[in-house]
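Scope of the values below: all heavy atoms of this structure, side chains included, with no hydrogens, waters or symmetry mates.
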Amino acid sequence: MKTILVIGIGVGDPDQLTLQAVKALGRADVFFVLDKGPAKASLRALRDEILRRHGPARPYRVAEAQSPPRDAAPADYRACVDGLNREKQAVFRRLIEDELADGETGAFLVWGDPMLYDSTIRNLDALQEAGLVFEYEVVPGITAIQALAAAHRIPLNRVAEAVTITTGRRLAQGFPAGTDSVVVLLDGEEAYRRFIDQDVDIYWGAYLGTPRQILIAGKVANVADEIHRRRSAARTANGWIMDTYLLRRNA
């Protein structure tokens, strides 16, 4: 039987790997890497550093494949994601069939935690449903949400209150009902700017857990322009950006 490990590797700091993740890395014979092109070379370098520090002491292999491109502004978002996942499933199938021998263990290294806005688990489930034979395990990791709260030294929730996790696309429709604290991921349109005229605090972070880390906090009205300026400059300089933030509405 082939075994697949889906390992959460945190958001960039090799020291943030859990002991369970380090042990899982040590079990792998093959590491599957989806290359996202020159603009994301620094992400590949971080993965390489993680393997250098925490990878198996014995010989192992790295199997690379090109990551399918994604439409940055699709007319139908859900259809775009479904199509992208079908393409990824084809890549996963080839890697598992061609690069992993029976009895060997392969590993996908997933940024943050595999349960949070990541398709790896869904794609492996789809392959099993389609008849590909393998077993897999999931190892949790430090999420951008945890790294954000730690970097700003804040709890996510206020006493006896809920927290909602959502996307920038959803936040653009307004604060979710029934909550005054919202964690936002995947916001390419800077939806927080919608709340400049309201009494809302923001705790924002980019490149969390890496030497490039940027942190900004304050009233949205006071720091929105600074976030926009530094976010734009960082994206231009690095070719990509990963950021997230907590919005907290004051009564």
Side-chain angles (χ1 to χ4, degrees), residues 7-17 21 31-55 62 64-74 77 80-81 84 88 91 108-114 116-120 141-152 165-169 171-172 183-193 202-218 220 223-247:
I7 306 174
I9 58 172
V11 291
D13 185 347
D15 289 337
Q16 287 183 347
L17 266 70
F31 293 95
F32 301 129
V33 175
L34 268 62
D35 185 3
K36 296 189 176 183
K40 300 289 182 69
S42 57
L43 288 176
R44 171 61 190 271
L46 285 171
R47 279 198 176 102
D48 290 345
E49 178 65 10
I50 286 171
L51 289 180
R52 188 187 69 80
R53 292 198 197 182
H54 303 299
V62 175
E64 298 186 32
Q66 197 69 31
S67 182
R70 176 176 177 176
D71 186 349
Y77 178 77
C80 176
V81 172
L84 178 65
K88 285 185 176 181
V91 174
F108 288 97
L109 307 185
V110 176
W111 293 112
D113 187 287
L116 187 62
Y117 290 107
D118 183 79
S119 62
T120 304
I142 300 296
T143 67
I145 299 171
Q146 294 164 282
L148 178 77
H152 281 291
I165 301 173
T166 191
T167 64
R169 183 182 297 270
L171 183 69
V183 175
V184 184
L185 301 114
L186 305 176
D187 183 8
E189 304 302 322
E190 301 182 13
Y192 60 85
R193 297 178 68 86
I202 185 169
Y203 299 87
W204 178 84
Y207 309 108
L208 293 161
T210 76
R212 295 189 177 101
Q213 178 172 282
I214 308 169
L215 299 173
I216 299 174
V220 172
V223 300
D225 288 343
E226 181 186 0
I227 293 173
H228 172 74
R229 182 175 65 256
R230 296 192 66 183
R231 186 182 191 278
S232 299
R235 185 168 190 171
T236 299
N238 298 312
W240 61 279
I241 191 165
M242 286 185 179
D243 62 333
T244 188
Y245 56 89
L246 168 70
L247 286 182

Going through the checks in order, is the side chain to side chain contact (heavy atoms under 4.5 Å, CB included) test met by Asp13 and Ile142? CA-CA 10 Å; Asp13 185 347; Ile142 300 296; over 6 Å; no
As a quick check of understanding, evaluate side chain to side chain contact (heavy atoms under 4.5 Å, CB included) for Gln66 and Leu34, giving each step before the final call. CA-CA 5 Å; Gln66 197 69 31; Leu34 268 62; over 6 Å; no
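In plain terms, the two heavy atoms of Pro114 and Gly8 that are nearest each other are CD-CA, 3.8 Å. Taking all atoms of both residues into account, the shortest heavy-atom contact from Gly168 to Val184 is N-CG1, 3.6 Å. Of all non-hydrogen atoms in Leu246 and Leu148, the two that sit nearest each other are N-CD2, 3.7 Å. Of all the heavy atoms in Gly205 and His152, the pair that sits closest is N-NE2, 4.5 Å. Residue Ser119 comes nearest to Lys88 through the heavy atom pair OG-NZ, 3.7 Å, listed as atom of the first residue, atom of the second, then distance. For Ala234 against Ile241, the heavy-atom pair with the smallest separation is CB-CD1, 4.4 Å.
Qualifying side-chain contact (heavy atoms from CB on, under 4.5 Å) partners for Ile202, counting only residues two or more places apart in sequence or in other chains: Tyr192, Trp204, Val220, Val223, Ile227, Tyr245, Leu247. For the side-chain hydrogen bond (donor to acceptor under 3.5 Å, both in side chains) test, no residue two or more places apart in sequence or in another chain qualifies with Tyr203. Not counting sequence neighbours, the partners of Phe108 by the ring pair (Phe, Tyr, Trp, His ring centres under 6.0 Å) test are Phe32, Phe92.
Between Glu226 and Arg231 no salt bridge is recorded (no basic side-chain N to carboxylate O distance below 4.0 Å). With respect to Asp187 and Arg169, no salt bridge is recorded, no charged nitrogen being found less than 4.0 Å from a carboxylate O. Residues Arg44 and Asp48 are paired through a salt bridge, judged by an N-O separation under 4.0 Å between the basic side chain and the carboxylate.
Taken from OG in Ser42 to CZ in Arg212, the straight-line distance is 4.5 Å, to the nearest 0.5 Å. In this structure, the separation between CD1 on Ile50 and CD1 on Ile9 is 4.0 Å, given to the nearest 0.5 Å. Here the straight-line distance linking atom CZ of Arg229 with atom CD1 of Ile216 works out to 8.0 Å at 0.5 Å rounding.
For Arg235, the CZ atom is loosely surrounded, since the number of other residues' heavy atoms within 6.0 Å does not exceed 12. The neighbour count for Glu49 CD, taken as heavy atoms of other residues, nucleotides or ligands under 6.0 Å away, is above 12.
Under the side-chain contact (heavy atoms from CB on, under 4.5 Å) test applied with Trp111, the options Leu46, Asp118, Leu116 reduce to a single match, Leu46.
With a 4.5 Å cut-off on side-chain heavy atoms, Asp243 and Ile214 do not count as touching. Using a 4.5 Å heavy-atom cutoff, the side chains of Val110 and Ile7 are not in contact. Between Leu185 and Ile165 there is a side-chain heavy-atom pair separated by less than 4.5 Å. Contact of the Met242 side chain with the Leu208 side chain is not registered, since no non-hydrogen atoms from C-beta on lie closer than 4.5 Å. Taking 4.5 Å as the limit, some side-chain heavy atom of Leu84 sits within range of a side-chain heavy atom of Pro68.
At a cut-off of 3.5 Å, with distance as the only test, a side-chain donor of Gln146 or Thr143 sits close to an acceptor on the other residue. There is a side-chain donor-acceptor pair under 3.5 Å between Tyr207 and Asn238.
In this structure, His54 contributes its side chain and Pro14 its backbone to a donor-acceptor pair below 3.5 Å.
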